[in-house]
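Down below is the structure, laid out as structure tokens.
Along the sequence shown, the residues carry numbers beginning at 1.
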Amino acid sequence: MVCASLRWEILEAQSLDSLRASGKRLILTFWHGRIFTAAYHFRGRGIIVMISQHRDGDYIARVLQHFGNQPARGSSSRGSLGATIECLRGMKKGRDCGITIDGPRGPRYVAKPGAAYLARKSGNPVVPFNISAERKWIMRSWDHFQIPRPFSRAVFLSADPIYVDADATDEQIDVAEKEVQRSLDALVVRGDSWWGGEPDK
């Protein structure tokens, strides 16, 4: 109900639908604290989202399923192999993949490895995105979990897709991972400052 009341602006660096129309699936990367609005924005898409096997992941998994997406239980700290395989299989079947890139325990706004590896193995691009709300509650959690206030304005921003060659070296993978971090950092600054506010840190 909260998200349905928001006044949305959508700005994509490259149309996500056009990427899909070209035969690509998307590896959507975003910050853990923005999953409330992300689950709503991508509702009904059948996206496979990596969610931790920790207890807090249980609730998020149920919310994702409610909104028509599929959790893949695993993270950088536990169950990552199984979740990675599930995402790769899903993309082969035409489904997008989502990763809360600083989960499951932080540090906040620090991207963990994994997205570039998926890009290399699948041939699909990493697409960083961010959702910011003008008025919101920020929880006192490690990720600064955000819940927008009803009838707030919200902006969805995506960055240019990041491609990784199938024969990319470890050094090239590292370069791509750093580009994911830079893109997400820039999106947070841009989005959180959209109405003249200060970016979350």
Side-chain angles (χ1 to χ4, degrees), residues 3 6 8-32 34-35 37-51 64-65 67-72 74-76 80-103 111-132 154-191 194:
C3 289
L6 300 179
W8 290 86
E9 292 183 69
I10 312 295
L11 289 93
E12 300 171 348
Q14 182 173 344
S15 167
L16 304 190
D17 286 339
S18 70
L19 285 169
R20 295 186 184 100
S22 71
K24 295 296 183 182
R25 298 300 98 192
L26 311 182
I27 302 167
L28 298 158
T29 59
F30 60 105
W31 299 128
H32 196 278
R34 315 288 173 122
I35 198 169
T37 45
Y40 178 82
H41 180 76
F42 287 104
R43 64 195 183 280
R45 302 290 184 91
I47 297 171
I48 300 174
V49 184
M50 279 195 183
I51 297 297
L64 289 169
Q65 289 174 320
F67 281 112
N69 294 306
Q70 176 185 330
S75 65
S76 60
S80 60
L81 178 59
T84 297
I85 292 172
E86 193 171 345
C87 285
L88 289 171
R89 287 174 176 168
M91 285 188 282
K92 284 184 178 179
K93 295 177 180 178
R95 302 172 73 174
D96 294 338
C97 173
I99 306 174
T100 52
I101 203 77
D102 57 343
K112 291 186 171 69
Y117 173 81
L118 278 173
R120 182 178 68 177
K121 294 293 288 185
S122 68
N124 293 309
V126 180
V127 180
F129 76 87
N130 181 70
I131 299 175
S132 296
V155 61
F156 172 95
L157 302 170
S158 66
D160 288 320
I162 300 168
Y163 291 89
V164 181
D165 291 337
D167 58 354
T169 63
D170 289 344
E171 290 77 13
Q172 290 170 322
I173 289 285
D174 185 59
V175 168
E177 297 285 5
K178 289 177 179 176
E179 180 59 27
V180 171
Q181 178 76 55
R182 282 193 295 269
S183 295
L184 285 167
D185 287 343
L187 291 173
V188 166
V189 171
R190 186 182 173 201
W194 198 256

Heavy-atom closest contact ([X] atom, [Y] atom, distance):
X    : Y    : answer
I27  : S122 : CD1-OG, 3.9 Å
A176 : V164 : CB-CG2, 3.7 Å
P128 : L187 : O-CD1, 3.6 Å
S183 : A159 : CB-CB, 3.9 Å
T29  : A115 : CG2-CB, 3.8 Å

So do the side chains of [X] and [Y] get within less than 4.5 Å of each other, counting heavy atoms only?
X    : Y    : value
L26  : N124 : no
L118 : M50  : yes
T100 : F30  : yes
I101 : Q181 : no
E12  : D17  : no

Check for a donor-acceptor pair, side chain of [X] on one end and backbone N or O of [Y] on the other, with a separation under 3.5 Å.
X    : Y    : answer
R34  : I131 : yes
D96  : I47  : no
E177 : P113 : no
K24  : L16  : no
R25  : R20  : yes
N69  : F42  : yes
R43  : Y40  : yes
R95  : G90  : no
S158 : F129 : no

Task: Pair R182 + E179: basic N to acidic O under 4.0 Å - done: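 So R182 pairs with E179 through a salt bridge.
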TODO: Take L184 and V188 through the side chain to side chain contact (heavy atoms under 4.5 Å, CB included) test and state the conclusion after the steps.
DONE: CA-CA 6 Å; L184 285 167; V188 166; 5.6 Å; no
[atom1]/[X] to [atom2]/[Y] distance, rounded to the nearest 0.5 angstrom?
X   : Y    : atom1 : atom2 : answer
C97 : L88  : SG    : CG    : 8.0 Å
M91 : K121 : CE    : NZ    : 11.0 Å
T37 : L6   : OG1   : CG    : 8.0 Å
I48 : I99  : CD1   : CD1   : 11.5 Å
L11 : R190 : CG    : CZ    : 6.0 Å
H32 : D102 : NE2   : CG    : 7.5 Å

TODO: Among D174, V175, T169, I173, find the one that has a side chain to side chain contact (heavy atoms under 4.5 Å, CB included) with E171.
DONE: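 Result: among D174, V175, T169, I173, T169 is the only option passing the side chain to side chain contact (heavy atoms under 4.5 Å, CB included) with E171.
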TODO: Given side chain to side chain contact (heavy atoms under 4.5 Å, CB included), test I10 with H41 step by step and report yes or no.
DONE: CA-CA 10 Å; I10 312 295; H41 180 76; 3.5 Å; yes
